[in-house]
Amino acid sequence: MTADLQTLAINTIRVLSIDAVQKANSGHPGLPMGAAPMAYALWQQHLRHNPHNPGWVDRDRFILSAGHGSMLIYSLLYLTGYENMTLDEIKNFRQWGSQTPGHPESQITRGVEVTTGPLGQGTAHAVGMALAEAFLANYFNRPGHTVVDHYTYAIVSDGDLMEGISAEAASIAGTWGLGKLIYLYDSNAVTLDGKAEMIFKEDVAARYRAYGWQTLTVEDGNDVAAISAAIAEAKANTTQPTIITIKTIIGYGSPNKQGTSKAHGEALGAEEVKLVKEYFGFPQEDFYVPGEALEHWREAIERGAQQEAAWAQKFAAYRDAFPELAAEFERAQMRQLPDGWDADIPTYSADKKVATRVAGGEVLNAIAARVPLMIGGDADLAGSTRTLIKGADNTGPGKPAARNIRFGVREHAMGAIANGLALHGGIFKPYTATFLQFSDYMRPAMRLGALMEIAPVYIFTHDSIALGEDGPTHQPVEHVMSLRLIPHLYVFRPADANETAAAWRKAMTLHLPVAFALTRQNLPVLEGTHVREGVERGGYVLADCEGTPQLILLSSGSEVHLAHEAYKLLSAEGVRVRLVSLPCWELFLEQDATYREAVLPLEVTARVSIEAGRTLGWERWVGSGGITIGVDVFGASSPYERIYQEYGLTVEKVIAAARQVMGQ
C-alpha cells in the first residue's frame with residue numbers, strides 16, 4: 001500500500017460524503033472531511049470487524065458519537081463492503097426508507113452499533129459496551145482460552161464533550177479503569193455557531209487525566225501514522241481508558257469553508273463541491289469512487305473473515321475444554337434465558353403488607369440467582385431501591401467486572417451505560433435503579449433505548465406523593481404519565497407484590513425496554529386469582545359483579561387499594577361495580593379488541609379512575625363522561641397519609657365520584 005493509495009482512500013471518504021450531503025441538500029459535511037484520516041487509521045489498521053458478519057461476537061465496537069457526521073460511517077460501511085450498504089443507499093442519504101438516515105440508527109443500519117445524534121450519548125453508550133466486554137471477559141475467559149477480547153472505540157466531538165452526560169460517563173469509566181475503551185477526539189475547534197473558544201476553552205486533556213484516563217495528542221489530524229501510533233499506545237494501556245486528542249480541520253479541502261462553522265451543518269453548495277473535487281484531484285462526477293481505492297478498502301472483507309475464523313478456532317478449543325461455559329456463552333449471545341430462570345419467583349400471601357420496591361428486589365434476586373449474566377446497579381441509592389444482587393461483588397476503582405454496578409449519582413450516564421450493556425450482547429436485562437423523580441435525568445437515554453428497540457430495565461422507586469416528608473422536589477407527579485408517552489417503552493406500575501412478580505416475569509421476556517414504578521410505602525397483598533395472566537396482558541378484572549356492571553373503577557399501583565375499598569363498599573350497597581387494574585397500558589393496548597372489550601365494555605360509560613399522578617391520559621379509559629382522580633399540582637412535605645387526605649385520594653372521594661358518574 002503506497003502513500004498515494006492511502007491518500008486516495010481517505011479522500012474518497014471526503015468526496016463521497018460531500019456528494020451525498022449535496023444531493024440531499026441536507027447534512028453535515030465538515031466532520032467526515034476533517035475526521036477521514038483518523039477513520040482510515042482506525043478502520044484499516046486497528047478495528048477488528050467482519051463486513052460480511054456484522055454481528056461477530058468478538059468484533060471491536062465502533063461508535064460515532066458525533067452522529068451528525070453520519071456520512072463518515074456510511075462511507076466506511078459502503079467502502080469496506082457491508083452488504084446492505086450500497087452506493088444507491090449512499091445516494092439516498094436522508095431520504096424516506098433508506099439505510100442512511102440523517103443520524104446513525106442501529107435498528108435500521110447493519111454495522112451501526114449505536115443510534116447517535118443527541119450529543120454525548122455515544123460517549124456513555126461506549127462506556128457500557130466496554131463494561132460489558134470487561135464483565136464477559138472476566139466471566140468466560142480461562143487461562144489459555146481467551147474468547148472475549150475486544151476494544152470499544154468512539155469518535156467524539158467538542159459538542160459531545162460539552163454535554164454533562166460525557167462528564168458523568170468519563171468519571172465512572174476512569175474510576176473503573178476500563179482499559180479497552182478508546183475515544184478519538186475530533187478536536188476541530190469549531191461548533192455549529194462559530195469558534196469553539198467562545199464557549200469551550202477548558203483543557204480537555206487535563207480534565208480527562210483528572211478522571212483517571214490516559215491522554216494522548218496528535219497535532220496533525222492528517223498524519224495517519226501518528227494517529228495509528230497513538231491508537232496502538234492506547235491499546236497497550238489495559239488499566240486506563242484513553243482519549244486521543246486529534247487536531248483536525250473541519251471541512252478540510254473546502255477552499256472557502258474549511259475551518260469555519262459554514263462547513264458544519266449544511267451542504268457545501270454545488271460550486272464549492274466542484275472546488276473540493278479540484279483540490280483532491282477528483283473528476284467532476286457525482287459519487288465517483290476510484291476503483292483502486294475501493295479495492296483497497298474492500299481488503300477489510302478478507303481481513304475480517306480471517307480474524308473471525310481465527311477466533312472460531314479458539315472458540316472450538318474453548319468448547320472442547322469448557323463445554324458448559326461454551327454453551328452458556330452461545331445461549332447468551334442468542335438471548336436465550338436459562339431453563340428454570342423463573343422457578344424461584346416468590347408468591348405473596350395476603351397476611352402482610354409489602355412495598356413493591358421490596359417485592360421488586362426480592363423478585364430481582366430470585367431471577368438473578370438463576371441468570372448469572374444479569375447485571376445492573378443504582379445511582380447511589382441501593383439501600384432505598386433494594387436492587388443489590390445478594391452475594392455479588394460491587395464495581396469499584398479498577399474493578400469493572402462485577403454484577404452490582406455502582407454508578408454513583410450519575411443518572412444520565414447510568415441510563416446510557418445500561419443501553420450500551422444491552423447493545424453489546426451477552427448481558428441479560430441490564431438494569432438501573434433510582435427514584436422516579438430522577439427519571440428526568442435519564443429521559444434522553446431511555447428515549448434512545450426505546451428508539452433502538454433494545455431491552456434494558458429501568459427501575460424507579462418512591463413512585464408518587466406517597467414519598468411524603470421529602471416534599472415536592474422528590475415527589476413525582478407527572479413522571480409516570482410522561483414515561484407512558486415514550487413509544488416502545490413498557491411502563492409497569494404494579495399494585496402489590498404479586499403484580500410486581502408478574503411484571504418482572506413478563507419484563508424478562510420482552511424485547512423492548514421496561515420501566516418499573518414501585519412504591520416506598522407498604523401495600524396490602526390483593527386477593528386475585530388471575531394476577532399473572534392479567535399483568536401479562538397489561539390490564540385485567542381484579543374484582544367483579546354479577547351481570548353487566550353499572551360502574552367501572554380503574555386504577556394502577558398503590559391506588560388500586562383505594563379503589564378496592566370503594567369497590568367493596570359500593571358492592572355492599574348493591575351497586576354492580578367492576579374493579580380493573582391497569583398495571584401496564586402499553587401491554588393492554590396490544591391486546592385484541594375482544595379482550596379489551598371484555599375488560600372495559602364500551603356500553604359501560606360510568607367510569608372513575610384513580611392514580612397518584614397527573615390525570616392527563618386517563619380520559620382514554622374513562623371517556624368523556626368519566627371522572628379522573630389524581631394529582632394535577634405539585635406535592636407537599638408531610639406524612640403521605642395527610643397528603644392523600646388533602647389531595648382527595650380517599651375512598652370517600654372515589655365513592656362520591658362513582659355516584660356522580662352514575663347520576664346518583
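Positions are given from 1, in the same order as the sequence printed here. These values consider heavy atoms only, across backbone and side chains, with no hydrogens, waters or symmetry-generated copies.
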Please tabulate, for the side chains in residues 176-184, all donor-acceptor contacts under 3.5 angstrom to protein atoms that are two or more places apart in sequence or on a different chain.
| residue | atom | partner | partner atom | Å |
| --- | --- | --- | --- | --- |
| Trp176 | NE1 | Thr395 | OG1 | 3.3 |
| Lys180 | NZ | Glu133 | OE2 | 3.1 |
| Lys180 | NZ | Asp149 | OD1 | 2.4 |
| Tyr183 | OH | Thr123 | O | 2.8 |

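Between the side chain of Asp160 and the main chain of Gly120, a donor-acceptor pair closer than 3.5 Å is present. Put simply, the side chain of Ser171 never gets that close to the backbone of Ala167: no donor and acceptor are under 3.5 Å apart. Under a 3.5 Å cut-off, the side chain of Asn92 and the backbone N or O of Gln95 do not form any donor-acceptor pair. Looking at Thr100, its side chain does come within 3.5 Å of a backbone N or O of Glu89 through a donor-acceptor pair. In this structure a side-chain-to-backbone donor-acceptor pair under 3.5 Å is missing from Gln121 to Thr116. Between the side chain of Arg61 and the main chain of His424, a donor-acceptor pair closer than 3.5 Å is present. Distance alone, capped at 3.5 Å, places no donor-acceptor pair between the Asp393 side chain and the Ala402 backbone. Looking at Lys23, its side chain does come within 3.5 Å of a backbone N or O of Lys91 through a donor-acceptor pair. Without hydrogens or angle criteria, Asp60 side chain to Arg48 main chain gives a donor-acceptor distance under 3.5 Å.
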Glu308 and Arg303: salt bridge (charged side-chain N to carboxylate O under 4.0 Å, His left out), yes or no, with the steps?
-> CA-CA 9 Å; Glu308 183 174 357; Arg303 185 168 62 242; over 6 Å; no

Residue pair Arg370, Asp344: steps toward the salt bridge (charged side-chain N to carboxylate O under 4.0 Å, His left out) verdict | CA-CA 9 Å; Arg370 289 179 173 267; Asp344 299 327; 2.7 Å; yes

Stepwise side-chain contact (heavy atoms from CB on, under 4.5 Å) test for Glu168 and Met414 = CA-CA 8 Å; Glu168 293 182 19; Met414 176 174 72; over 6 Å; no

Could you walk me through whether Leu512 and Tyr490 pass side-chain contact (heavy atoms from CB on, under 4.5 Å), step by step?
-> CA-CA 7 Å; Leu512 290 171; Tyr490 292 95; 3.7 Å; yes

Derivation of the side-chain contact (heavy atoms from CB on, under 4.5 Å) call for Leu136 and His150 | CA-CA 11 Å; Leu136 294 170; His150 52 266; over 6 Å; no

Give the intermediate values and the outcome of side-chain contact (heavy atoms from CB on, under 4.5 Å) for residues Leu423 and Met129.
-> CA-CA 7 Å; Leu423 287 159; Met129 288 189 157; 3.6 Å; yes

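For Thr86 and Asn84, the side-chain atoms include no donor-acceptor pair closer than 3.5 Å. Under the 3.5 Å distance criterion, with hydrogens and angles disregarded, no donor-acceptor pair is assigned to the side chains of His52 and Glu302. Looking only at atom types and distance, the side chain of Thr387 has no donor-acceptor partner in the side chain of Asp378 under 3.5 Å away. When only modelled atom types and interatomic distance are considered, Tyr185 and Asp158 share a side-chain donor-acceptor pair under 3.5 Å. If you check the side chains of Asn419 and Tyr458, you find a donor sitting under 3.5 Å from an acceptor. There is a side-chain donor-acceptor pair under 3.5 Å between Gln45 and Ser228.
Taking the six-membered ring where the residue is Trp, His145 and Tyr318 present tilted rings, their angle falling between 30° and 60°. Aromatic ring orientation, His296 versus Tyr40: tilted (interplanar angle from 30° to 60°).
In summary, the aromatic rings of Phe140 and Phe329 are positioned with their centroids under 6.0 Å apart.
Using a 4.5 Å heavy-atom cutoff, the side chains of Leu119 and His68 are in contact. Taking the side chain as every heavy atom from C-beta outward, Phe282 and Arg14 never approach each other to under 4.5 Å.
The number of heavy atoms from other shown groups lying within 6.0 Å of CD (Glu330) is above 12.
Applying the side-chain hydrogen bond (donor to acceptor under 3.5 Å, both in side chains) rule to Ser106 yields the partners Thr115; only residues at least two apart in sequence or on another chain are considered.
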